[in-house]
Amino acid sequence: MKHVTDVAERFGAAAQFVGGRAVEGTGESTFSVVDPASGQPVWTYRTAGRDDVDAAVAAAKAAFPGWAAATPGERSQVLYRLSRVLEDLAGDLARTETLQCGKPIRLSTEFDVPGTVDNTAFFAGAARHLEGRAAAEYSADHTSHVRREPIGVIGSVAPWNYPLQMAAWKILPAIAAGNTIVLKPSELTPLTSLMFAAAAVEAGLPDGVVNIVTGTGPEAGEPLVAHPDVAMTSFTGSTAVGRRIAELAAGGVKRLHLELGGKAPFVVFDDADLAAAVHGAVAAALINGGQDCTAATRAYIQRPLYDAFVAGVADLMQDVRLGDPADPGTDLGPLISAAHRDRVAAVVERARAYADVVTGGAAPGGALADGAYYRPTLLTGAPQDSEAVQREIFGPVLAVLPFDADDEGLALASDTPYGLAASAWTRDVYRAGRASRALTAGCVWINDHIPIVSEMPHGGAKASGYGKDMSLYSFEEYTQVKHVMSDNTGVARKDWHRTVFADRSHR
Ligand code: NAD
């Protein structure tokens with residue numbers, strides 16, 4: 001793929017990717033991708049309408065029989081080549097991700113893009129390891145075996161916070177298992193999903209296996225999820241929209257995979273390495289501007305370490321360099337949009353009524369005034385049942401609360417509607433064991449918070465959703481299990497026929 005830095009030159013006016021090629025949408029409205037660092041539009045496209053969704057689903061449906069019949073080895077080869085094409089495009093992908101999201105270029109370069117390349121290489125291998133379990137005579141007269149089969153056309157919807165990785169997490173397990181897919185990225189950040197789809201075709205993926213429709217939730221997302229030819233929906237986004245998706249999917253009794261919001265706790269016991277906990281908390285609260293579903297949002301600190309932890313976090317937060325996300329020296333870029341920054345700021349303003357804002361709590365002025373920036377913010381004194389502790393803020397805001405007994409800290413940590421991720425900080429192996437069991441979350445880290453690996457599952461509990469992304473576990477979502485039971489006697493009158501024919505002799 002040609003290296004192009006100019007968005008308009010790369011994409012032209014085409015924001016839809018249907019049947020192996022980029023095309024213009026036919027929806028009624030246009031939408032602009034805005035650089036959140038400057039507030040300036042960088043690309044305007046025509047959104048997808050119902051006709052575009054229909055065309056994309058039709059392309060995916062037409063491609064399904066051929067792709068489902070490809071051998072695991074053939075699918076693996078394409079994915080392996082895709083990992084190489086993506087690696088070759090790494091610089092363009094990182095710059096484009098930073099442009100559309102405002103995330104620091106160090107994050108795009110060192111996390112988003114290599115994570116996506118690694119995920120692609122993982123599913124190239126995993127495609128060859130799809131297997132059914134057990135071939136055995138569970139009844140003496142029959143041999144049973146299990147086939148694992150693709151489901152059909154998957155209709156997926158993704159958020160704006162990690163657009164490239166979310167596209168990869170949705171597309172890769174689906175196609176590795178032999179499905180075809182239509183993905184709707186967030187209307188705010190479609191660029192790297194379109195690049196991913198084009199790279200897949202360049203790698204040899206047959207036309208129609210991966211399609212992208214770009215538009216708003218109501219205009220493109222709802223018709224996609226509700227489409228009668230879409231057999232399953234995989235959604236990552238907010239819990240509120242997840243509920244709507246579940247309603248839409250229920251009409252067609254579709255299989256559903258929901259990766260929703262989070263409010264991850266960060267529990268520090270009194271024997272923890274304080275410096276490690278302080279650095280870990282600031283990094284895990286501020287990664288991607290706190291717009292990470294697993295970001296540390298509530299730190300529970302056992303009383304003896306509380307004051308030192310608050311002081312250490314405040315110091316480190318004040319050192320963070322806000323600035324142009326394209327500059328490798330920048331630690332914290334803007335949030336996704338001015339509207340989202342204002343939502344974050346409003347939560348902090350309301351929190352002033354019940355909590356102390358130790359540092360932050362404001363947008364920077366000066367040269368950064370036009371961007372969607374917000375300073376790293378530390379809250380203390382917020383009650384457990386307050387908005388700042390219970391609700392997802394999705395910004396660079398950390399609330400710190402004290403606790404006394406171990407059980408109390410662990411109970412507070414699990415006391416929100418969410419259950420996506422959590423961490424426990426201790427040098428005591430027994431405490432770590434008890435914490436990893438007690439915390440209600442899809443992932444528990446011990447003495448760290450954030451890292452992910454392609455081999456391990458990601459997904460939540462409670463209002464954070466159900467189902468797993470990444471790892472071999474994702475195949476549980478994207479395949480259906482078929483039991484095949486073969487008679488191995490060859491007799492016409494089987495024993496169990498007595499339940500119907502009683503003792504009448506065989507005619
Ligand atoms: P969002 O729910 O507002 O939007 C997500 C996607 O849904 C977008 O593509 C949007 O256009 C689409 N959408 C909106 N309304 C729709 C509708 N009625 N029908 C169909 N589609 C619709 O979320 P967001 O603001 O883009 O992303 C932030 C949220 O995503 C946070 O809550 C975050 O925790 C969550 N998230 C979760 C995970 C996870 O793995 N659990 C990962 C990343 C982000």
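All figures in this text were calculated on a predicted structure; none of them were measured in a lab. Start at 1 and go down the list; that is how both ligands and their atoms are numbered.
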Do you see a protein non-hydrogen atom under 4.0 Å from atom 2 (O) of ligand 1?
->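 Yes, there is a protein heavy atom closer to it than 4.0 Å.
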For E392 and T297, test the side chains for any donor-to-acceptor distance below 3.5 angstrom and give the result as yes or no.
->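 On atom types as modelled, these side chains do not qualify, holding no pair under 3.5 Å.
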Looking only at non-hydrogen atoms, find the nearest pair between I393 and H340 and report the distance.
->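 Residues I393 and H340, closest heavy atoms: O-CE1, 3.9 Å.
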If you look at every heavy atom in P159 and S186, which pair is closest and at what distance?
->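 Shortest heavy-atom contact: C-CB, 3.7 Å.
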Among all protein non-hydrogen atoms, which one is nearest to [atom], and what is the separation to 0.1 Å?
atom: atom 39 (C) of ligand 1; answer: C293 SG, 3.2 Å
atom: atom 22 (C) of ligand 1; answer: G217 CA, 3.3 Å
atom: atom 18 (N) of ligand 1; answer: E222 OE2, 2.8 Å
atom: atom 41 (N) of ligand 1; answer: L260 O, 2.7 Å
atom: atom 8 (C) of ligand 1; answer: A158 O, 3.3 Å

Any nitrogen or oxygen of [X], main chain or side chain, under 3.5 Å from a nitrogen or oxygen of ligand 1?
X: S238; answer: yes
X: E187; answer: yes
X: W160; answer: yes
X: H458; answer: yes
X: N161; answer: no

In terms of the angle between their ring planes, are F11 and W43 parallel, tilted or perpendicular, with boundaries placed at 30° and 60°?
->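 Ring orientation, 0 to 90° scale: tilted.
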Salt bridge present between D207 and R21 (N-O < 4.0 angstrom) |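 R21 and D207: not salt-bridged.
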Option set N288, V241, L183, criterion heavy-atom distance to atom 15 (N) of ligand 1, minimum =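 It is V241 that holds the nearest heavy atom.
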